[in-house]
2 protein chains.
Amino acid sequence: MTSDKTIGRLSLYRRMLNGLMAEGVANTFSHQLANLAGVTPAQVRRDLMAIGYSGTTKRGYEVPELVDSIGQFLDVPQGQGVALVGVGNLGRAILSYFAGRRPNLSITAAFDNDPYKINRVLHGCHCYGLEDIPRVVKELDIRVAVITVPAAGARQVADMLVAAGVRGILNFAPIRLRVPPHTYVEDIDMTMSLEKVAFFARKGSASLHKDFQA
Amino acid sequence: MTSDKTIGRLSLYRRMLNGLMAEGVANTFSHQLANLAGVTPAQVRRDLMAIGYSGTTKRGYEVPELVDSIGQFLDVPQGQGVALVGVGNLGRAILSYFAGRRPNLSITAAFDNDPYKINRVLHGCHCYGLEDIPRVVKELDIRVAVITVPAAGARQVADMLVAAGVRGILNFAPIRLRVPPHTYVEDIDMTMSLEKVAFFARKGSASLHKDFQA
DNA sequence: TAGATTGTTAATCGATTAACAATC
DNA sequence: TAGATTGTTAATCGATTAACAATC
C-alpha cells in the first residue's frame with residue numbers, strides 16, 4: 001500500500017544518496033537526507049521504514065546499503081525497456097535526456113508516423129512507425145511508455161500501447177487518457193504548470209519549497 | 001487562500017471549456033466538465049465557487065462567460081513575459097512548445113552560456129548570455145522563468161533570476177532550488193516521474209485516473 | 001409541480017507532523 | 001551515563017467527498 005508520493009520521494013532519496021556516495025559519504029541521518037530532499041526528517045524515517053530498511057541510532061543510515069535497498073524496492077529486476085511515442089521536439093529532447101542516464105530504465109524504442117524519422121536512429125534509439133507498436137512492444141516486452149504526441153493523437157496511441165501490453169504511461173499530451181484499471185498514468189502538463197507558476201508569481205504565494213534548516 | 005491544486009484545476013477547466021467553445025457548445029454542467037477534466041462534479045462546483053462564478057440551476061455554466069471569468073482570475077492583466085534559461089535540447093523543445101500557444105503567457109527571452117546560441121533567435125525568441133539576466137529581466141519586467149539548465153548550474157541561475165526580480169520558477173533541473181519566501185517554485189522532475197510509472201507498471205497499482213462515468 | 005442542478009455545510013479520508021519511548 | 005537518533009503511535013491538518021437545502 002505504498003503511496004504514489006512515497007514512491008516519488010524514494011526516487012528523490014536515491015538521487016541524493018548517489019550524490020553523497022559520489023562525495024564518499026558513508027552514512028547519513030534522517031535530518032540530513034531530509035534537508036537534501038526537502039522533506040521532514042520524520043517523513044524520511046517513515047518512508048525508509050516502509051521499504052523495510054532500518055538505520056541505527058549511532059550511525060543513522062548506511063548510504064551504499066540504503067541505495068541498494070531503494071533500488072531493490074523501486075527497480076525492475078532486469079532493466080525495463082521503455083517506449084517513446086512521438087519523436088517531435090519534445091520527444092527528441094526526452095530521448096536525449098534519458099539517453100545513458102539510468103541504465104536500468106532507458107528508452108529502447110521510439111515511434112513516430114513521419115516517414116523521414118522511421119528507421120532512423122535518434123540518440124541511440126531506433127525509430128519505428130506507429131503501426132509497429134503492437135509487434136515491437138510485444139517483442140521487446142515493453143511495459144512502460146512515454147507519450148509525446150500532440151493531444152489529438154494521444155488517445156489512439158495510448159489505446160494501442162495498452163493493447164500491446166503497456167501498463168504504465170508517462171503522458172505529456174495535454175489530454176486525459178482513458179485507460180483500463182491497473183494501468184498507471186502520470187501526466188506532465190507543462191502548460192498547467194507554467195500557468196500555476198505565473199499565477200503565484202503574481203499573487204505572491206508562500207513558496208512550495210519549505211525553508212531550509214540553517 | 002486558493003490552493004495550488006485549485007489553480008491547476010482551473011487551468012484544466014479552461015482548456016476543456018475552450019475545447020467546448022470550439023465545438024460551439026454554449027453551456028455546460030458540473031458533471032460534464034468534471035468528466036472532461038477528470039475530477040468530481042462537487043470539486044468543479046467548489047472550484048468555480050472559489051473564483052466567484054455562479055451557474056444557474058437551469059443551464060449550469062455559460063461556457064464563454066466562464067472562460068472569461070477563469071481568465072480574469074488566472075491571468076496577468078497584460079501579457080506576462082517569461083524567461084527561459086538553458087537552451088539545450090529540453091529548452092529548445094519547451095521554446096517550441098510554448099511558441100504561439102498562449103499569447104498571454106509566452107516566452108519572451110532565452111538565456112544560455114553557449115556563444116553559438118547567444119544573439120541568435122530560436123523559435124521567435126532572442127537568446128542572450130547568462131550575464132545579461134539582470135539587465136534583460138529588469139528591462140522586460142519578467143517575473144516568471146523556466147530553468148532547463150543541468151543540475152550543476154541550476155542554483156546559481158535561480159539566484160540570478162530571483163535577484164533580478166523573478167517571483168515564480170518552473171524548474172526542470174533535478175535539484176531543489178533555494179529561494180526566498182514568496183518565490184514560487186514548481187518542479188517538473190521527469191526522472192522521478194518515469195521511475196514512478198515504471199514502479200506502478202510493475203506493481204499493478206490502481207490507475208491514477210479515476211474511471212469515467214458511463 | 002417534478003426533476004435536475006447549484007451552493008454550502010458536515011463528514012470523511014488520507015497524508016503529514018508531532019510526540020515519545022526505545023536504542024545505542 | 002548523557003545525548004542524539006531511530007521506530008512508531010497519536011494528533012493534526014488539509015483536501016476531498018457526501019449530503020442536502022435552495023433554486024429554477
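All values below were derived from every heavy atom in this structure, side-chain atoms included, with hydrogens, water molecules and symmetry-related copies excluded. A note on names: the letters A, B, ... follow the listed sequences, proteins ahead of strands, and every chain is numbered from 1.
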**Report entry** Step-by-step side chain to side chain contact (heavy atoms under 4.5 Å, CB included) determination, A/Leu12 to A/Val39
**Finding:** CA-CA 10 Å; A/Leu12 284 182; A/Val39 300; 5.7 Å; no
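- At C/dT6, one or more side-chain N or O atoms of B/Ser30 fall inside 4.0 Å of OP1 or OP2 (strictly under the cut-off).
- Protein atom CG of B/Asn27 is 10 Å distant from nucleotide atom P of C/dT6, rounded to whole Å.
- Atom CE of A/Met49 and atom C1' of C/dT16 are 13 Å apart (whole Å).
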Evaluate B/His123 against B/Phe98 for side chain to side chain contact (heavy atoms under 4.5 Å, CB included), listing each step before the verdict.
CA-CA 9 Å; B/His123 299 287; B/Phe98 284 112; over 6 Å; no
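- In terms of heavy-atom proximity, B/Glu186 sits nearest to A/Ser193 at OE2-OG, 3.3 Å.
- Residue A/Thr40 places at least one side-chain N or O closer than 4.0 Å to OP1 or OP2 of C/dT17.
- Contact annotation: A/Tyr53 does not reach the phosphate of D/dG7 (side-chain N/O to OP1 or OP2, under 4.0 Å).
- Between the CD atom of B/Glu62 and the C1' atom of C/dT5 there is a distance of 14 Å, given to the nearest Å.
- If A/Lys58 and A/Arg46 are placed on DNA chain C by their nearest nucleotide, the residue sitting closer to the 5' end is A/Arg46.
- The partner of C/dC24 is D/dG3, by the rule that a Watson-Crick or G-U pair needs both atom distances under 3.5 Å.
- Candidate nucleotides D/dT16, D/dT5, C/dA18 were compared by shortest atom distance to the side chain of A/Ala42, and C/dA18 ranks first.
- Counting only heavy atoms from C-beta outward, the side chains of B/Glu62 and B/Leu66 never approach each other to under 4.5 Å.
- What separates CZ of B/Arg45 from C1' of D/dT23 is a distance of 13 Å, to the nearest Å.
- When the side-chain nitrogen and oxygen atoms of A/Thr57 are compared with OP1 and OP2 of D/dA4, none of them lie within a distance under 4.0 Å.
- Here B/Arg59 lies out of heavy-atom contact (under 4.0 Å) with every strand.
- In this structure, of C/dA15, C/dG7, C/dT6, it is C/dG7 that holds the atom nearest to the side chain of B/Ser54.
- Of the nucleotides present, C/dT8 is the one that pairs with D/dA19 by Watson-Crick or G-U wobble criteria, both distances under 3.5 Å.
- Looking only at side-chain heavy atoms (C-beta outward), A/Leu48 and A/Tyr13 come within less than 4.5 Å of each other.
- Put simply, CZ on B/Phe29 is 12 Å from C1' on C/dG3, counting in whole angstrom units.
- A/Asp4 places its CG atom 10 Å from the P atom of C/dT16, with the value rounded to the nearest Å.
- Put simply, CD on A/Gln43 is 14 Å from C1' on D/dT8, counting in whole angstrom units.
- As a whole-Å value, the separation of B/Asp47 CG from D/dT17 P is 11 Å.
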